[in-house]
Amino acid sequence: MRIPALMYHDVVAPRQADASGFPGGAAARYKLDVTEFDAHLAMLAGSDRQFTAVTDGATGKPRDCLLTFDDGGASAVAIAAALTRRGMVGHFLITTAQIGQPGFVSAADVLALHAEGHVVGSHSHTHPAEISQLDDAALAAEWSRSVDRLAALLGTPVTVASVPGGFYSPRVARAAAAAGIRYLFTSEPTVRTHRVGDCLVLGRYTLWRGMPPQRAIALACGMGATRQRQWLAWNLKKPLKQWARPVYRWVRVRWLDTNPSRDGI
(Lines give C-alpha, C1' and ligand atoms only; values in the text may rest on other atoms or scores of the structure.)
Protein backbone atom coordinates (compact mmCIF):
# COMPACT_ATOMS: atom_id res chain seq x y z
CA MET A 1 0.00 0.00 0.00
CA ARG A 2 1.28 3.47 -0.91
CA ILE A 3 -0.06 6.37 1.16
CA PRO A 4 1.27 9.96 1.01
CA ALA A 5 1.23 11.85 4.30
CA LEU A 6 2.33 15.39 5.15
CA MET A 7 3.88 16.30 8.51
CA TYR A 8 3.16 19.69 10.05
CA HIS A 9 3.63 20.89 13.61
CA ASP A 10 2.44 24.27 14.91
CA VAL A 11 0.96 27.38 13.29
CA VAL A 12 1.89 30.67 14.94
CA ALA A 13 1.72 34.43 14.52
CA PRO A 14 4.86 36.14 13.15
CA ARG A 15 7.66 36.33 15.75
CA GLN A 16 5.56 34.26 18.19
CA ALA A 17 7.11 30.85 17.59
CA ASP A 18 7.21 29.92 21.28
CA ALA A 19 3.46 30.54 21.74
CA SER A 20 2.62 27.00 20.61
CA GLY A 21 4.54 23.78 21.11
CA PHE A 22 8.12 23.29 22.20
CA PRO A 23 10.29 26.43 22.46
CA GLY A 24 13.57 27.21 20.75
CA GLY A 25 15.04 27.60 17.30
CA ALA A 26 15.14 23.90 16.47
CA ALA A 27 11.39 23.60 17.09
CA ALA A 28 10.65 26.93 15.38
CA ARG A 29 11.92 25.54 12.08
CA TYR A 30 8.77 23.38 11.93
CA LYS A 31 6.28 26.15 12.76
CA LEU A 32 4.49 27.90 9.90
CA ASP A 33 3.03 31.34 10.37
CA VAL A 34 -0.72 31.73 9.99
CA THR A 35 -0.58 33.34 6.55
CA GLU A 36 1.64 30.71 4.98
CA PHE A 37 -0.35 27.84 6.51
CA ASP A 38 -3.60 29.31 5.16
CA ALA A 39 -1.94 29.44 1.72
CA HIS A 40 -0.93 25.77 2.07
CA LEU A 41 -4.47 24.74 2.99
CA ALA A 42 -6.03 26.77 0.18
CA MET A 43 -3.83 25.09 -2.41
CA LEU A 44 -4.29 21.61 -0.93
CA ALA A 45 -8.06 22.06 -0.74
CA GLY A 46 -8.14 23.10 -4.39
CA SER A 47 -6.42 19.89 -5.50
CA ASP A 48 -8.00 16.55 -6.34
CA ARG A 49 -6.63 14.95 -3.14
CA GLN A 50 -8.95 13.54 -0.47
CA PHE A 51 -7.66 14.43 2.99
CA THR A 52 -9.05 11.58 5.01
CA ALA A 53 -8.27 9.60 8.20
CA VAL A 54 -5.78 6.78 8.33
CA THR A 55 -8.37 4.80 10.27
CA ASP A 56 -10.83 5.15 7.37
CA GLY A 57 -11.11 1.91 5.42
CA ALA A 58 -10.89 3.90 2.19
CA THR A 59 -7.33 5.02 2.93
CA GLY A 60 -4.93 3.81 0.27
CA LYS A 61 -7.03 4.91 -2.70
CA PRO A 62 -4.98 6.76 -5.34
CA ARG A 63 -6.19 10.24 -4.34
CA ASP A 64 -6.02 9.84 -0.57
CA CYS A 65 -3.55 11.95 1.40
CA LEU A 66 -3.06 12.31 5.16
CA LEU A 67 -2.39 15.49 7.14
CA THR A 68 -0.58 15.08 10.46
CA PHE A 69 0.33 17.57 13.18
CA ASP A 70 2.94 16.58 15.77
CA ASP A 71 3.63 17.66 19.37
CA GLY A 72 0.18 18.82 20.55
CA GLY A 73 0.84 22.55 20.61
CA ALA A 74 -1.94 24.96 21.56
CA SER A 75 -2.42 25.98 17.92
CA ALA A 76 -4.01 22.57 17.23
CA VAL A 77 -7.46 23.96 18.01
CA ALA A 78 -7.24 26.71 15.38
CA ILE A 79 -5.66 24.29 12.90
CA ALA A 80 -8.53 21.85 13.38
CA ALA A 81 -11.10 24.58 12.79
CA ALA A 82 -9.36 25.59 9.54
CA LEU A 83 -9.34 21.96 8.38
CA THR A 84 -12.99 21.45 9.26
CA ARG A 85 -14.03 24.51 7.24
CA ARG A 86 -12.42 22.90 4.20
CA GLY A 87 -13.76 19.39 4.78
CA MET A 88 -10.33 18.01 5.68
CA VAL A 89 -9.41 15.56 8.44
CA GLY A 90 -6.28 16.08 10.51
CA HIS A 91 -4.27 13.68 12.68
CA PHE A 92 -3.20 15.40 15.90
CA LEU A 93 -0.41 13.50 17.63
CA ILE A 94 -0.11 14.61 21.25
CA THR A 95 2.84 14.60 23.65
CA THR A 96 0.69 13.64 26.60
CA ALA A 97 3.00 14.79 29.43
CA GLN A 98 2.53 18.32 28.04
CA ILE A 99 -1.28 18.34 28.14
CA GLY A 100 -2.36 21.40 30.11
CA GLN A 101 1.11 22.98 30.08
CA PRO A 102 1.69 26.50 28.67
CA GLY A 103 1.81 26.42 24.90
CA PHE A 104 0.12 23.03 24.63
CA VAL A 105 -3.41 21.68 24.32
CA SER A 106 -5.58 21.22 27.38
CA ALA A 107 -7.66 18.15 28.16
CA ALA A 108 -10.71 20.06 26.92
CA ASP A 109 -8.89 20.83 23.67
CA VAL A 110 -8.15 17.14 23.14
CA LEU A 111 -11.82 16.34 23.57
CA ALA A 112 -12.77 19.12 21.14
CA LEU A 113 -10.40 17.82 18.46
CA HIS A 114 -11.97 14.38 18.75
CA ALA A 115 -15.53 15.72 18.80
CA GLU A 116 -14.82 17.73 15.63
CA GLY A 117 -14.05 14.51 13.77
CA HIS A 118 -10.27 14.65 13.72
CA VAL A 119 -7.95 11.81 14.70
CA VAL A 120 -6.25 12.14 18.07
CA GLY A 121 -3.18 10.01 18.64
CA SER A 122 0.05 9.72 20.59
CA HIS A 123 3.41 11.41 20.03
CA SER A 124 4.82 9.52 23.03
CA HIS A 125 4.42 10.60 26.64
CA THR A 126 7.51 12.78 27.21
CA HIS A 127 8.96 13.23 23.69
CA PRO A 128 12.36 11.67 24.52
CA ALA A 129 15.34 12.92 22.55
CA GLU A 130 16.02 9.44 21.14
CA ILE A 131 13.12 7.10 21.72
CA SER A 132 14.91 4.28 19.88
CA GLN A 133 17.68 4.30 22.51
CA LEU A 134 15.40 3.76 25.52
CA ASP A 135 15.53 0.46 27.34
CA ASP A 136 12.59 -1.90 26.91
CA ALA A 137 10.72 -0.80 30.03
CA ALA A 138 11.06 2.93 29.31
CA LEU A 139 10.09 2.45 25.67
CA ALA A 140 6.99 0.48 26.60
CA ALA A 141 6.05 3.14 29.16
CA GLU A 142 6.35 5.98 26.62
CA TRP A 143 3.67 4.39 24.45
CA SER A 144 1.44 2.85 27.11
CA ARG A 145 1.27 5.94 29.37
CA SER A 146 0.46 8.16 26.40
CA VAL A 147 -2.16 5.86 24.89
CA ASP A 148 -3.77 5.21 28.27
CA ARG A 149 -4.06 8.91 29.10
CA LEU A 150 -5.63 9.75 25.76
CA ALA A 151 -8.00 6.78 25.92
CA ALA A 152 -9.12 7.84 29.40
CA LEU A 153 -9.86 11.36 28.12
CA LEU A 154 -11.64 10.27 24.94
CA GLY A 155 -13.39 7.16 26.20
CA THR A 156 -12.23 5.18 23.18
CA PRO A 157 -9.10 3.22 22.26
CA VAL A 158 -6.25 5.21 20.70
CA THR A 159 -4.66 3.38 17.77
CA VAL A 160 -2.66 6.10 15.97
CA ALA A 161 0.76 7.51 16.88
CA SER A 162 3.87 9.18 15.50
CA VAL A 163 7.51 8.69 16.45
CA PRO A 164 9.11 11.72 18.13
CA GLY A 165 12.36 13.12 16.78
CA GLY A 166 12.48 10.89 13.73
CA PHE A 167 14.25 8.11 15.66
CA TYR A 168 12.32 5.14 14.32
CA SER A 169 13.37 1.51 14.57
CA PRO A 170 11.46 -1.78 14.26
CA ARG A 171 11.82 -2.13 18.03
CA VAL A 172 9.99 1.20 18.49
CA ALA A 173 7.20 -0.11 16.26
CA ARG A 174 6.96 -3.41 18.15
CA ALA A 175 6.58 -1.54 21.43
CA ALA A 176 3.92 0.70 19.87
CA ALA A 177 2.02 -2.33 18.59
CA ALA A 178 2.14 -3.90 22.05
CA ALA A 179 0.49 -0.74 23.44
CA GLY A 180 -2.38 -1.10 20.95
CA ILE A 181 -1.13 1.27 18.27
CA ARG A 182 -2.16 0.08 14.82
CA TYR A 183 -0.95 3.02 12.69
CA LEU A 184 2.51 4.49 13.34
CA PHE A 185 3.82 7.52 11.45
CA THR A 186 7.56 8.00 11.08
CA SER A 187 9.48 10.97 9.67
CA GLU A 188 10.90 9.04 6.73
CA PRO A 189 9.85 10.71 3.46
CA THR A 190 8.19 7.86 1.60
CA VAL A 191 4.75 6.73 0.47
CA ARG A 192 5.61 3.09 1.05
CA THR A 193 4.11 1.38 4.06
CA HIS A 194 5.03 -1.81 5.85
CA ARG A 195 3.80 -3.83 8.80
CA VAL A 196 5.51 -4.62 12.06
CA GLY A 197 3.24 -7.12 13.76
CA ASP A 198 -0.24 -5.59 13.89
CA CYS A 199 1.07 -2.08 13.24
CA LEU A 200 1.04 -0.35 9.84
CA VAL A 201 4.11 1.91 9.57
CA LEU A 202 3.77 4.99 7.35
CA GLY A 203 6.27 7.61 6.23
CA ARG A 204 5.65 11.37 5.94
CA TYR A 205 6.93 14.36 4.03
CA THR A 206 7.94 17.30 6.22
CA LEU A 207 6.76 20.88 5.75
CA TRP A 208 9.10 23.48 7.25
CA ARG A 209 8.62 27.16 7.84
CA GLY A 210 9.15 29.17 4.68
CA MET A 211 8.18 26.38 2.30
CA PRO A 212 5.81 27.72 -0.39
CA PRO A 213 2.36 26.18 -0.84
CA GLN A 214 3.49 24.81 -4.19
CA ARG A 215 5.88 22.53 -2.28
CA ALA A 216 3.00 21.16 -0.19
CA ILE A 217 0.91 20.33 -3.24
CA ALA A 218 3.91 18.76 -4.99
CA LEU A 219 4.54 16.51 -1.98
CA ALA A 220 0.86 15.62 -1.68
CA CYS A 221 0.45 14.80 -5.37
CA GLY A 222 3.91 13.52 -6.26
CA MET A 223 4.62 16.31 -8.75
CA GLY A 224 8.12 16.74 -10.16
CA ALA A 225 11.06 15.48 -8.12
CA THR A 226 10.03 17.09 -4.82
CA ARG A 227 9.43 13.81 -3.01
CA GLN A 228 12.65 12.32 -4.35
CA ARG A 229 14.72 15.31 -3.20
CA GLN A 230 13.37 15.08 0.34
CA TRP A 231 13.97 11.32 0.38
CA LEU A 232 17.57 11.81 -0.79
CA ALA A 233 18.30 14.48 1.84
CA TRP A 234 16.85 12.26 4.56
CA ASN A 235 18.93 9.27 3.55
CA LEU A 236 22.14 11.29 3.28
CA LYS A 237 21.65 12.35 6.92
CA LYS A 238 20.76 8.88 8.16
CA PRO A 239 24.34 7.58 8.73
CA LEU A 240 25.23 10.73 10.67
CA LYS A 241 22.17 10.36 12.89
CA GLN A 242 22.95 6.69 13.48
CA TRP A 243 26.69 6.79 14.12
CA ALA A 244 27.23 10.26 15.57
CA ARG A 245 23.99 10.78 17.45
CA PRO A 246 25.12 13.12 20.28
CA VAL A 247 27.27 15.23 17.94
CA TYR A 248 24.49 15.36 15.34
CA ARG A 249 21.93 16.54 17.92
CA TRP A 250 24.29 19.17 19.36
CA VAL A 251 25.26 20.61 15.97
CA ARG A 252 21.65 20.59 14.76
CA VAL A 253 20.26 22.36 17.82
CA ARG A 254 23.07 24.95 17.88
CA TRP A 255 22.68 25.64 14.15
CA LEU A 256 18.91 25.98 14.27
CA ASP A 257 18.89 28.08 17.44
CA THR A 258 21.18 30.51 15.60
CA ASN A 259 19.49 30.14 12.17
CA PRO A 260 15.88 29.15 12.89
CA SER A 261 14.63 30.08 9.42
CA ARG A 262 17.07 27.71 7.67
CA ASP A 263 16.11 24.23 6.53
CA GLY A 264 19.01 23.08 8.70
CA ILE A 265 20.82 19.76 8.66
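Atom set for the values below is all heavy atoms of this structure, side chains included, hydrogens, waters and symmetry mates excluded.
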Excluding sequence neighbours, so at least two apart, what forms side chain to side chain contact (heavy atoms under 4.5 Å, CB included) with A80?
F92, L113, E116, H118

Quick one: side chains of residues 4-17, donor-acceptor pairs under 3.5 Å with protein atoms, not counting sequence neighbours, listed by atom name and distance.
{"unit_1": "Y8", "atom_1": "OH", "unit_2": "H40", "atom_2": "ND1", "d": "2.9"}
{"unit_1": "D10", "atom_1": "OD1", "unit_2": "S20", "atom_2": "OG", "d": "2.8"}

For D70, which residues count as a salt bridge (charged side-chain N to carboxylate O under 4.0 Å, His left out) partner, sequence neighbours excluded?
R204

Would you mind listing every side-chain hydrogen bond (donor to acceptor under 3.5 Å, both in side chains) that reaches into residues 171-185, with sequence neighbours excluded?
D136-R171

Listing request: all ring pair (Phe, Tyr, Trp, His ring centres under 6.0 Å) pairs with a residue in residues 94-113, at least two apart in sequence or in separate chains.
F22-F104

Distance-only criterion, 3.5 Å: show the donor-acceptor pairs between side-chain atoms of residues 217-227 and protein atoms not counting sequence neighbours.
{"unit_1": "R227", "atom_1": "NE", "unit_2": "L219", "atom_2": "O", "d": "2.8"}
{"unit_1": "R227", "atom_1": "NH2", "unit_2": "L219", "atom_2": "O", "d": "3.0"}
{"unit_1": "R227", "atom_1": "NH2", "unit_2": "A220", "atom_2": "O", "d": "3.0"}

Let me confirm one number: the CG-CZ distance from L207 to F37, rounded to the nearest 0.5 Å.
9.0 Å

Check for a donor-acceptor pair, side chain of Q98 on one end and backbone N or O of D71 on the other, with a separation under 3.5 Å.
no

So, using side chain to side chain contact (heavy atoms under 4.5 Å, CB included) as the criterion, who are the partners of R85 when residues are at least two apart?
A81, A82

Taken in chain and number order and not counting sequence neighbours, the residues that satisfy side chain to side chain contact (heavy atoms under 4.5 Å, CB included) with A161 are S122, W143, I181, L184

Hydrophobic cluster partners of V77 (side-chain heavy atoms under 4.5 Å)
none

Test of understanding: with side chain to side chain contact (heavy atoms under 4.5 Å, CB included), list the residues that count as partners of A151, not counting sequence neighbours.
V158

Side chains of S106 and D109: donor-acceptor distance under 3.5 Å anywhere?
yes

Between CG of L134 and OG1 of T126, what distance do you get to the nearest 0.5 Å?
7.5 Å

For the pair D135 (side chain) and A137 (backbone), establish whether a donor and an acceptor sit closer than 3.5 Å, ignoring hydrogens and angles.
yes

Apply salt bridge (charged side-chain N to carboxylate O under 4.0 Å, His left out) to D48 and list each qualifying residue two or more places apart in sequence or on a separate chain.
R63

Given side-chain contact (heavy atoms from CB on, under 4.5 Å), test I3 with D64 step by step and report yes or no.
CA-CA 7 Å; I3 305 174; D64 284 348; 5.6 Å; no

Identify each donor-acceptor pair in which a side-chain atom of residues 189-203 lies under 3.5 Å from a protein atom, sequence neighbours left out, and give them as a table.
{"unit_1": "T190", "atom_1": "OG1", "unit_2": "R192", "atom_2": "N", "d": "3.1"}
{"unit_1": "T193", "atom_1": "OG1", "unit_2": "M1", "atom_2": "O", "d": "2.8"}
{"unit_1": "H194", "atom_1": "NE2", "unit_2": "Y168", "atom_2": "OH", "d": "3.3"}

